[in-house]
There are 2 protein chains.
Amino acid sequence: MSLKIKDIAEKANVSVATVSRVLNGSDKVSQETREKVMEVIEKYNYQPDKIATSLRRKKTGIYGIIFSVKGGKVLEDTYSTKFLKGVLNYLSKKGLKLIVDIHESSDIVEYYDSVIQSKIIDGFILLDLRKNDERIKFLNQKKFPFVVIGRNDENDFVYVDSDNVSGAYMAIKHLEELRCKRVLYISGNEGIPVSEQRLRGVESASNDLNVSVDVVYGDFDEEKTVEILKSILKKGFDYDGIFCASDTMAYAAIKFLKRFGIEVPIIGYDNIPLSEVVGLTTVDQNIIKIGYSAAQALDKMVNGEEVVSLVVPSKLVKRQSTLNFSKRYFK
Amino acid sequence: MSLKIKDIAEKANVSVATVSRVLNGSDKVSQETREKVMEVIEKYNYQPDKIATSLRRKKTGIYGIIFSVKGGKVLEDTYSTKFLKGVLNYLSKKGLKLIVDIHESSDIVEYYDSVIQSKIIDGFILLDLRKNDERIKFLNQKKFPFVVIGRNDENDFVYVDSDNVSGAYMAIKHLEELRCKRVLYISGNEGIPVSEQRLRGVESASNDLNVSVDVVYGDFDEEKTVEILKSILKKGFDYDGIFCASDTMAYAAIKFLKRFGIEVPIIGYDNIPLSEVVGLTTVDQNIIKIGYSAAQALDKMVNGEEVVSLVVPSKLVKRQSTLNFSKRYFK
DNA sequence: TTGTACGCGTTATCAC
DNA sequence: GTGATAACGCGTACAA
């Protein structure tokens with residue numbers, strides 16, 4: 001049996017109220033009694049029961065992330081882990097906890113509702129934002145605290161987002177520095193925010209830097225990417241640089257083109273572990289930082305502080321898939 | 001304001017006790033009143049407050065995993081995510097929750113203690129088992145429920161482990177089928193359970209199958225692996241097959257040896273995403289299954305059921321890094 | 001500055 | 001089969 005606040009009170013010859021005050025740093029306790037109580041607390045290594053505290057305070061100090069499962073694909077990449085790592089870096093510093101959960105994306109709103117009603121969680125971090133995301137309408141209407149990773153056109157929530165525009169811009173700029181003139185951009189799915197933002201960065205760089213860019217939609221899919229390249233090859237491949245909206249697409253492109261003896265500078269997006277191994281130049285989104293910032297924002301929000309949305313800068317990681325070509329021109 | 005059990009009781013013209021009985025499936029409720037109560041519950045979509053329930057029941061329905069951080073390296077691989085996925089597959093089916101946490105490995109036992117005292121968690125899953133693991137002594141002494149991933153010589157806990165012995169055995173057997181006679185085994189760190197188990201599998205296969213195997217310790221480290229190969233090259237490389245205790249080591253070996261024009265069948269361990277991409281034959285531990293089983297075992301344990309330790313079979317995933325060589329002999 | 005007593009929302013024990 | 005009520009461990013309004 002572990003000690004309760006009552007036991008500590010008795011041992012210190014004070015009331016439970018006083019022990020509670022000491023525990024919660026109230027200033028209405030004399031130095032003397034505070035020390036006396038602290039001594040007993042430390043002697044017995046007393047720690048308050050968080051469940052009882054939560055019931056009383058109506059706050060648990062636990063935040064939640066629900067990964068929505070669509071067709072079994074979830075939690076298999078390093079994006080998730082890195083993100084969690086960032087979130088946990090913040091929370092563990094603050095003595096807060098994180099519940100990680102998964103649920104079918106079909107009745108996801110009902111699930112959020114049930115979790116809220118069960119009262120175990122003080123706030124959510126939302127991943128995989130979609131256009132017209134029902135979760136956001138629901139949480140806003142419930143006035144339940146949440147922070148979103150990514151953003152869309154509707155501006156009715158606090159978000160932490162990766163700077164996709166400048167990330168894509170940097171990629172095209174790097175190709176331009178390698179003297180590329182005709183670049184192929186294989187985008188992600190049309191119509192989703194991430195794709196639109198990266199496309200905007202590509203177009204902006206294309207205009208600024210006088211690089212011609214053709215855009216095709218590879219849907220973040222390796223096979224689709226290969227299909228696209230196949231049909232381009234039929235018409236004749238005359239690009240001198242490729243930028244892909246994901247590393248996996250980029251790697252698929254490299255492998256495929258190699259079979260036809262085509263080697264051009266190529267850049268991916270995400271900096272997955274594979275990219276370091278194979279030497280793929282890529283845009284790193286700093287996911288850990290994004291996770292950290294999201295947790296911080298959510299925590300502030302729950303504690304009534306003012307919170308602003310945030311865009312986390314990406315950085316270009318230059319590797320052999322482009323640097324090999326710089327030698328052609330510069331050495 | 002969400003409804004409380006009292007509100008439901010009033011609306012259904014029964015006592016809170018009866019509502020509670022309906023909620024918890026007690027058989028001492030007449031069919032009639034049960035239906036009446038259920039109607040109200042569903043009408044208002046009532047859900048009990050889990051915090052209050054936890055306080056009363058002295059159980060939260062939350063389990064915990066604490067990743068211990070040593071030098072910043074944690075939660076960056078797909079092992080962690082896949083494992084979490086397995087755990088969550090089980091827990092979400094049961095309406096249970098998982099707290100994921102990180103903490104410095106230096107004062108890890110004190111941290112477990114504080115989490116236990118705070119009463120938010122019903123049981124732990126332990127990763128990164130070490131020899132003489134202090135956490136196990138501590139949890140055993142506290143009689144706090146836990147399940148361990150991996151095992152060591154001391155047999156004082158319930159574990160779920162990967163079948164490293166037969167995993168390694170399969171790898172050597174596959175090499176033997178490719179007519180390899182002199183195999184190099186680059187092991188993990190000497191003295192840790194995983195390494196010892198895999199080594200046992202290697203030696204057992206070597207005996208059974210009449211394959212000669214030389215063992216060196218690469219410590220799961222890519223650079224160390226390359227160093228080893230360098231010194232072997234100096235003396236003359238005469239192996240016709242390589243088995244590595246990790247995929248990353250195997251890939252480092254392939255890259256290094258290629259520079260010297262050496263290509264032999266090579267097998268890794270873990271089946272990381274990279275391996276599929278580069279076509280590395282490897283042993284897949286079925287981490288998701290391990291996570292699932294661990295969660296299940298822990299849940300049973302917490303609910304007082306008998307629990308036995310478990311060894312989850314691995315399987316060999318054959319890819320080009322070995323299959324390319326089968327053609328030499330068989331076609 | 002300190003103590004008493006109530007309430008948080010539920011479950012379990014006891015009467016009826 | 002059902003209801004009243006104590007108890008879980010803590011925080012805090014109020015009284016002193």
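Residue numbers begin at 1 in each chain, while the letters A, B, ... track the order of the sequences. Side chains included, hydrogens not; waters and symmetry mates left out as well; all remaining heavy atoms used.
With rounding to whole Å, B/Lys28 atom NZ is found 14 Å from C/dA12 atom P. Atom P of nucleotide C/dG9 and atom NZ of A/Lys59 are separated by 16 Å, given to the nearest angstrom.
A/Thr81 is not listed as a side-chain neighbour of B/Thr78, based on a closest heavy-atom distance of 4.5 Å or more. B/Tyr63 has its side chain within reach of B/Val302: a pair of non-hydrogen atoms, C-beta onward, lies under 4.5 Å apart. Considering only heavy atoms from C-beta on, A/Asp113 comes within 4.5 Å of A/Phe138 through its side chain.
Taking the six-membered ring for Trp and the full ring otherwise, the centers of B/Tyr112 and B/Phe124 sit less than 6.0 Å from each other.
In this model, the phosphate group of D/dT2 is approached by a side-chain N or O of B/Thr33 to a distance below 4.0 Å at OP1 or OP2.
Without hydrogens or angle criteria, A/Ser293 side chain to A/Lys289 main chain gives a donor-acceptor distance under 3.5 Å. Using a distance-only test at 3.5 Å, with no hydrogens or angles considered, no donor-acceptor pair links the side chain of B/Asp299 to the main chain of B/Ala295. Of the possible polar contacts, none joining the A/Asn24 side chain to the A/Ser26 backbone as a donor-acceptor pair under 3.5 Å is found.
Among A/Thr60, A/Val115, A/Ile62, the one residue that satisfies the side-chain contact (heavy atoms from CB on, under 4.5 Å) test with A/Ile99 is A/Ile62.
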* To do: Using a 4.0 Å heavy-atom cut-off, write out nucleotides 8-16 of chain D from 5' to 3' as B (base contacted by protein), S (sugar-phosphate only) or - (no contact).
  => BBBBBB---

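Using five terminal pairs a side, the axes of the helix from C/dT1-D/dA16 to C/dC16-D/dG1 at its two ends make an angle of 40°, given in steps of 10 degrees.
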